[in-house]
J.: 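Sharing a structure here in structure tokens format.
Convention: sequence-line order gives letters A, B, ...; per-chain numbering from 1. The analysis underlying the following values was restricted to heavy atoms, covering all of them including side chains, and did not include hydrogens, waters or symmetry mates.
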2 protein chains.
Amino acid sequence: MISMADIAKEAKVSRTSVSLALNERYIDGVSISEDIRNRIKKIAAKHGYRHNVLASSMTKGKSRMIGCLGLDQSEESALFVGQIMTAAIKAAAARDYSLKLLSSEATVEQLLDEICGYRLSGVIIRSRNHKMLERLTERLEHYHVPAVLVDTNYSDLGMSSVNSDDAEGVRQAVHHLYELGHRRINFIGFEDFTPFTIVRRGGYIQGLEECGLKLENNPCYFTDPGELRHPFERVEILAAKLLQEKTRPTAIIGNCDEVALLVLRAAWRLGINVPDQLSVIGVGDISPDLFSCPPLTTVARPYLSMGAAALNKLIDAPEETSNMVLPVNLVIRQTTAVCPINVE
Amino acid sequence: MISMADIAKEAKVSRTSVSLALNERYIDGVSISEDIRNRIKKIAAKHGYRHNVLASSMTKGKSRMIGCLGLDQSEESALFVGQIMTAAIKAAAARDYSLKLLSSEATVEQLLDEICGYRLSGVIIRSRNHKMLERLTERLEHYHVPAVLVDTNYSDLGMSSVNSDDAEGVRQAVHHLYELGHRRINFIGFEDFTPFTIVRRGGYIQGLEECGLKLENNPCYFTDPGELRHPFERVEILAAKLLQEKTRPTAIIGNCDEVALLVLRAAWRLGINVPDQLSVIGVGDISPDLFSCPPLTTVARPYLSMGAAALNKLIDAPEETSNMVLPVNLVIRQTTAVCPINVE
DNA sequence: TTGAAAGCGATACCAT
DNA sequence: ATGGTATCGCTTTCAA
């Protein structure tokens with residue numbers, strides 16, 4: 001592949017001139033003369049010259065590449081990470097940066113090899129592995145690589161984060177149900193008490209309080225880790241159990257959309273009509289919601305904004321640690337309705 | 001950040017020795033002596049040395065990075081691309097390669113800047129934009145960058161591809177329905193006649209023939225591009241129309257899962273029970289299938305294998321152009337059942 | 001087994 | 001406005 005030196009030779013100018021011309025650089029407002037610049041450009045185009053980013057990144061010691069950890073579908077079937085990534089890549093392209101994928105299965109050492117090896121200018125991390133994050137952030141700090149945690153926030157790690165205001169969303173969900181007349185609500189979820197569950201449950205409890213509802217009448221339930229089945233099945237079992245009690249809830253909020261969709265399924269299996277006999281709300285607004293019957297009412301998390309915000313933060317304020325919380329949006333579709341007078 | 005030269009100085013050896021030691025390189029089976037090597041390694045570890053991949057890639061002219069185009073969620077809501085990507089990243093990591101994301105919204109020239117600029121060793125492409133592909137492959141050939149098209153195959157482009165045997169899958173789907181007693185089947189899909197629709201329809205027609213069914217009694221329907229609604233709505237309208245005809249089909253095959261899920265929805269709206277009154281089959285096996293009511297019977301495409309195959313092909317046989325077709329698997333869940341005696 | 005020196009492609013500084 | 005030269009960090013001959 002043709003290099004700047006080759007062009008310089010053919011144009012009978014110095015490599016410096018070629019560099020200045022091709023990069024459109026101006027020192028104190030002036031640069032290479034029009035005609036020389038055009039001559040250089042023409043030669044470059046003729047040979048299909050491509051700027052060697054590896055070389056320039058090396059001299060500069062930075063690579064305009066940003067790493068993405070955990071934005072693939074490896075660990076969990078977290079569908080939405082794709083959206084975060086998509087927004088990030090778009091934001092990156094707009095600023096002439098690009099994204100490099102980091103394997104979710106790599107060890108911390110391997111990650112550091114990739115991150116430092118390519119002199120990445122930052123890393124977007126989506127992980128709930130606290131222990132790993134702890135070691136990783138400590139090392140990243142050592143190498144002065146800015147990082148931002150997206151979709152989670154472990155405040156003890158002292159690292160920047162971008163998240164959505166899920167507590168507020170769930171709070172609104174409770175109000176929505178209350179206004180529809182529901183007085184027997186349940187909040188259910190997986191048993192893993194990662195921050196996101198705690199935060200959302202917090203919003204739930206606050207919502208109850210504001211509506212004058214008591215937690216003991218509107219309890220939270222979590223799946224039983226003892227059950228040796230797939231987590232999805234556990235949720236369905238839990239939901240089915242709740243729906244078969246004699247004073248069953250008239251509304252259920254899932255701590256994420258997957259849970260809500262499984263509640264829909266449990267209801268369907270039991271012949272309970274949603275939303276006539278039961279209202280259901282999720283958190284997320286993931287794509288399967290679009291296909292559920294009926295379409296799911298949910299707290300829409302701004303995945304695209306989250307991806308873009310994370311990326312921009314790394315570029316605009318790499319040093320400063322910040323914790324961004326983006327607004328959510330209760331999307332009312334068709335799984336919520338006025339509470340039936342007689343559920344019993 | 002500490003460099004090899006720094007280490008060489010501290011260890012009082014040449015930079016060559018450091019390079020050889022750290023890379024564990026052996027020339028004719030021999031290399032740096034045990035103790036010197038250990039000394040070098042210890043110093044490197046002490047300072048947290050990280051190999052500068054930019055520098056070594058530059059000298060070598062290749063970067064052990066592979067580009068991914070169209071594996072984000074930009075254009076369509078193609079959920080499965082994430083799985084392809086995830087498999088690719090895993091396969092890459094296993095071979096000490098890594099993935100770089102290319103923006104789906106970039107122009108061909110911008111893509112080339114990224115691809116050649118970073119001296120990528122290959123590109124995985126997932127796109128159905130024939131015109132763009134045409135120009136891109138022509139240029140990539142010029143720069144000797146191997147590429148592989150995944151999830152599509154435009155045979156006229158003469159480029160390598162990795163795809164799944166969807167025709168065979170749909171053929172099997174027809175047989176499955178036939179064995180359940182169905183004699184009034186429809187194949188429906190979006191109106192866009194990209195290769196994948198044509199291929200799947202081909203499998204459908206072959207299946208019909210093998211079962212002795214006539215196409216005119218088991219027709220294909222496609223949405224009306226004239227309808228100025230969202231494609232999803234168009235599918236639902238089409239499905240609803242078919243389901244309301246006096247001799248409605250007893251089974252419908254969607255040309256992809258999205259279509260099948262929308263058929264489910266249309267049936268649900270009309271109070272038609274699936275699978276008792278209507279059988280439905282999709283193609284894909286995307287994640288929303290897991291949440292549908294009932295769980296969708298579908299032709300499962302091997303996304304993970306496709307991603308891995310595409311990546312391995314680029315590394316193992318970059319020169320040779322090949323067209324790989326991976327086997328699919330009819331996954332029978334709960335949307336297919338014995339044909340009801342009286343549909344009328 | 002180890003070292004010296006050239007080169008990869010581009011940038012930056014200092015001259016002219 | 002343009003050119004010369006050192007430099008970035010590493011690899012690769014070629015000698016010793």
J.: Tell me whether B/Arg128 is salt-bridged to B/Asp151, with the criterion being a basic N under 4.0 Å from an acidic carboxylate O.
T.: yes

J.: Assess the side chains of B/Ser98 and A/Lys100: does a donor N or O sit below 3.5 Å from an acceptor N or O?
T.: yes

J.: May I ask you to verify if any side-chain N or O of B/Ser19 is less than 4.0 angstrom from the OP1 or OP2 atom of D/dT11?
T.: yes

J.: Short question: side chain of A/Ser103, backbone of A/Glu105 - any donor-acceptor pair under 3.5 Å?
T.: yes

J.: Tell me the interatomic distance from A/Leu54, atom CG, to C/dT11, atom P, rounded to whole angstroms.
T.: 12 Å

J.: Which parts of residues 1-14 of chain A get close to DNA chain D, meaning a heavy atom less than 4.0 angstrom away?
T.: A/Lys12, A/Val13, A/Ser14

J.: Please determine, for the side chain of A/His51, which listed nucleotide (C/dT2, C/dA10, C/dC8) has the closest atom?
T.: C/dA10

J.: Using only heavy-atom distances, decide whether a donor-acceptor pair under 3.5 angstrom links the side-chain of A/Thr16 to the base of D/dG4.
T.: yes

J.: Could you state the CG-P distance from B/Leu20 to D/dT13, rounded to the nearest angstrom?
T.: 12 Å

J.: What is the distance, rounded to the nearest whole Å, between atom CZ of A/Arg15 and atom C1' of D/dG3?
T.: 11 Å

J.: How about A/Lys41 and A/Leu22: do any of their side-chain heavy atoms sit closer than 4.5 Å?
T.: yes

J.: With sugar-phosphate meaning primed atoms plus P, OP1 and OP2, does A/Thr59 contact a base, only sugar-phosphate, or nothing at under 4.0 Å between heavy atoms?
T.: base

J.: Are any of B/Tyr49's side-chain N or O atoms less than 4.0 Å away from OP1 or OP2 of D/dC10?
T.: yes

J.: Whole angstroms only, please: what is the CG-C1' distance between B/Leu22 and D/dC10?
T.: 11 Å

J.: Using only heavy-atom distances, determine whether the side chains of B/Asp72 and B/Ser104 contain a donor-acceptor pair under 3.5 Å.
T.: yes

J.: With respect to the side chain of A/Met58, which nucleotide from D/dT11, C/dT1, C/dG9 is positioned closest?
T.: C/dG9

J.: Nearest-Å distance, CD1 (A/Ile40) to C1' (D/dA1)?
T.: 11 Å

J.: Please determine whether a side-chain nitrogen of the Lys or Arg among A/Glu109 and B/Arg50 lies less than 4.0 Å from a carboxylate oxygen of the Asp or Glu.
T.: yes

J.: With a 3.5 Å cut-off and no angle check, do the side chains of B/Ser14 and B/Ser17 form a donor-acceptor pair?
T.: yes

J.: Taking the minimum atom-to-atom distance to the side chain of B/Ser56, which one of C/dA10, D/dG9, D/dT11 wins?
T.: D/dT11

J.: Check for a donor-acceptor pair, side chain of B/Asn312 on one end and backbone N or O of B/Ala308 on the other, with a separation under 3.5 Å.
T.: yes

J.: Under 4.0 Å, counting only non-hydrogen atoms across every strand here, what does B/Ile36 touch: a base, just sugar-phosphate, or nothing?
T.: sugar-phosphate

J.: What integer distance in Å separates A/Lys60:NZ from D/dC8:C1'?
T.: 13 Å

J.: Taking the side chain as C-beta and beyond, is there a heavy-atom pair between A/Glu34 and A/Arg37 under 4.5 Å?
T.: yes

J.: Could you work out how much the helix from C/dT1-D/dA16 to C/dT16-D/dA1 bends, comparing the axis of its first five pairs with that of its last five, to 10°?
T.: 40°

J.: For a quick check under 3.5 Å, do A/Ser33 and A/Asp35 share a side-chain donor-acceptor pair by atom type?
T.: yes

J.: Starting at atom CZ of B/Arg39, determine the distance to atom C1' of C/dT2, rounded to an integer number of angstrom.
T.: 12 Å

J.: Among C/dG9, C/dT11, D/dT11, which nucleotide sits nearest the side chain of A/Asn23?
T.: C/dT11

J.: Once you round it to whole Å, what is the distance between C1' of D/dC10 and CZ of B/Arg64?
T.: 16 Å

